[in-house]
Amino acid sequence: MQTGWEIVSSESCFKDKNVEVVREKIRSPEKAEPRSWTVVRRKRAVVVAAMTAEEKLILIRQERIPIRAAIWEVPAGQIDEEAEPEPDAIAAVALRELREETGLELAEGGDLTALGDYFTSPGFTDERGYFFLARPVRECAEGHSRDESESILECRSFSGGELRQMIERNEIQDANTLALCTHLLARGLLSFAQD
């Protein structure tokens, strides 16, 4: 938290292993009068751009109960540590989520690159996501069995041109995926050129 922010009062309204809903009164550096706000506290998360040797991006199609739909998205998952995790611990979670959700791992000589972090929806939650690029990826040497709690229906690779068309047609609606594609494009790690 930046300096000058003061919590005047805080009341937990709901809490489980994934989220906590808190009503707070906050004084900010710019506003002397405290403001009331409802905040959803959520664990940090990793968001992984898994790229094949052919520079195709791996997406999963997953059922999402809150929106009652199955959507295309990059692999992602929560970091269980409550305290500020170390960079190596965050990277380990990224590799775990990649393996669990796609059945893929870094190929020999592959690299996991941190691409920065962002806030998923800062108007109501403090959730922070950490972007990673894993490339090249390959099928897990030890085989793969998906976690039964996941609702992953499909896992496929897409070229940059295919991704651009999917975004144009509004087929990619996941904010993590859209934000990560923007990071990849800005760094020259992905091209939306036609195939």
Side-chain angles (χ1 to χ4, degrees), residues 13-21 38-52 54 56-82 90-106 112 115 117-135 137-140 142-185 190 192:
C13 303
F14 171 83
K15 185 175 183 174
D16 68 11
K17 66 179 186 151
N18 296 309
V19 297
E20 180 180 15
V21 179
T38 301
V39 178
V40 176
R41 303 245 180 263
R42 190 156 156 79
K43 295 177 184 177
R44 291 170 180 83
V46 294
V47 183
V48 184
M51 200 169 281
T52 67
E54 299 78 30
K56 291 186 173 188
L57 191 65
I58 302 294
L59 297 182
I60 56 176
R61 194 166 70 85
Q62 185 166 197
E63 287 183 326
R64 292 301 193 179
I65 291 171
I67 62 170
R68 312 300 194 266
I71 61 173
W72 286 106
E73 56 191 74
V74 291
Q78 291 186 327
I79 300 169
D80 291 328
E81 290 182 41
E82 294 290 329
I90 298 170
V93 173
L95 292 172
R96 182 194 75 209
E97 289 297 329
L98 172 65
R99 198 172 306 108
E100 286 178 2
E101 294 193 351
T102 67
L104 301 171
E105 64 187 1
L106 283 175
L112 182 71
L115 299 176
D117 61 309
Y118 78 115
F119 293 99
T120 60
S121 188
F124 87 99
T125 182
D126 63 350
E127 181 185 32
R128 178 180 290 211
Y130 296 91
F131 289 137
F132 287 91
L133 171 62
R135 75 172 172 179
V137 295
R138 66 171 184 206
E139 295 286 327
C140 286
E142 301 164 6
H144 173 250
S145 62
R146 189 165 286 128
D147 183 340
E148 290 301 316
S149 68
E150 300 282 1
S151 297
I152 297 170
L153 307 173
E154 193 174 353
C155 178
R156 284 189 40 210
S157 63
F158 294 90
S159 69
E162 290 172 314
L163 291 167
R164 182 185 55 74
Q165 290 173 358
M166 292 171 75
I167 292 169
E168 283 177 5
R169 294 189 302 256
N170 202 36
E171 293 173 12
I172 297 178
Q173 297 177 307
D174 173 59
N176 288 336
T177 304
L178 293 168
L180 186 49
C181 283
T182 302
H183 266 263
L184 295 171
L185 284 166
L190 178 68
F192 275 176

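- No donor-acceptor pair under 3.5 Å is formed between the side chain of Asp117 and the backbone N or O of Phe131.
- When all heavy atoms are compared, the tightest approach of Phe119 to Arg128 is CZ-NH2, 2.8 Å.
- Under the 4.0 Å criterion applied to side-chain N and carboxylate O atoms, Glu20 and Arg41 are not assigned as salt-bridge partners.
- Note: Arg64 CZ to Ser151 OG = 8.0 Å, rounded to the nearest 0.5 Å.
- In this structure, Tyr130 and Val93 have side chains that are not in contact, with every pair of non-hydrogen atoms separated by 4.5 Å or more.
- Here the shortest heavy-atom pairing between Leu180 and Phe132 reads CD2-O, 4.3 Å.
- Looking only at side-chain heavy atoms (C-beta outward), Leu98 and Ile58 stay at 4.5 Å or farther from each other.
- Taking every heavy atom of both residues into account, Leu190 and Leu185 meet most closely at O-CD2, 3.3 Å.
- Between Glu139 and Leu104 the shortest side-chain heavy-atom distance falls below 4.5 Å.
- Side-chain contact between Leu57 and Cys181: present, with at least one pair of heavy atoms (C-beta onward) separated by less than 4.5 Å.
- For the pair Glu162 and Ser157, the tightest heavy-atom approach, listed with the atom from each and the gap, is OE1-O, 4.3 Å.
- In this structure, CD1 in Ile90 is found 12.5 Å from CG in Leu95, a value given to the nearest 0.5 Å.
- In this structure, Glu63 contributes its side chain and Leu153 its backbone to no donor-acceptor pair below 3.5 Å.
- For the residue pair Ala134 and Leu112, the shortest heavy atom distance occurs at CB-CD1, 3.8 Å.
- When all heavy atoms are compared, the tightest approach of Asp174 to Val74 is OD2-N, 4.4 Å.
- Thr177 places no side-chain N or O within 3.5 Å of a backbone atom of Gln173 that could act as its donor or acceptor partner.
- A salt bridge does not link Glu54 with Lys56: every distance from a Lys NZ or Arg NE/NH1/NH2 to an Asp or Glu carboxylate oxygen is 4.0 Å or more.
- When Asp126, Thr125, Val47 are each tested for a side chain to side chain contact (heavy atoms under 4.5 Å, CB included) with Thr120, only one passes: Thr125.
- Rounding to the nearest 0.5 angstrom, the gap separating the CZ atom in Arg99 from the CG atom in Leu106 is 8.5 Å.
- Checked against Glu127 for a salt bridge (charged side-chain N to carboxylate O under 4.0 Å, His left out), the options Lys43, Arg42, Arg44 give a single hit: Arg42.
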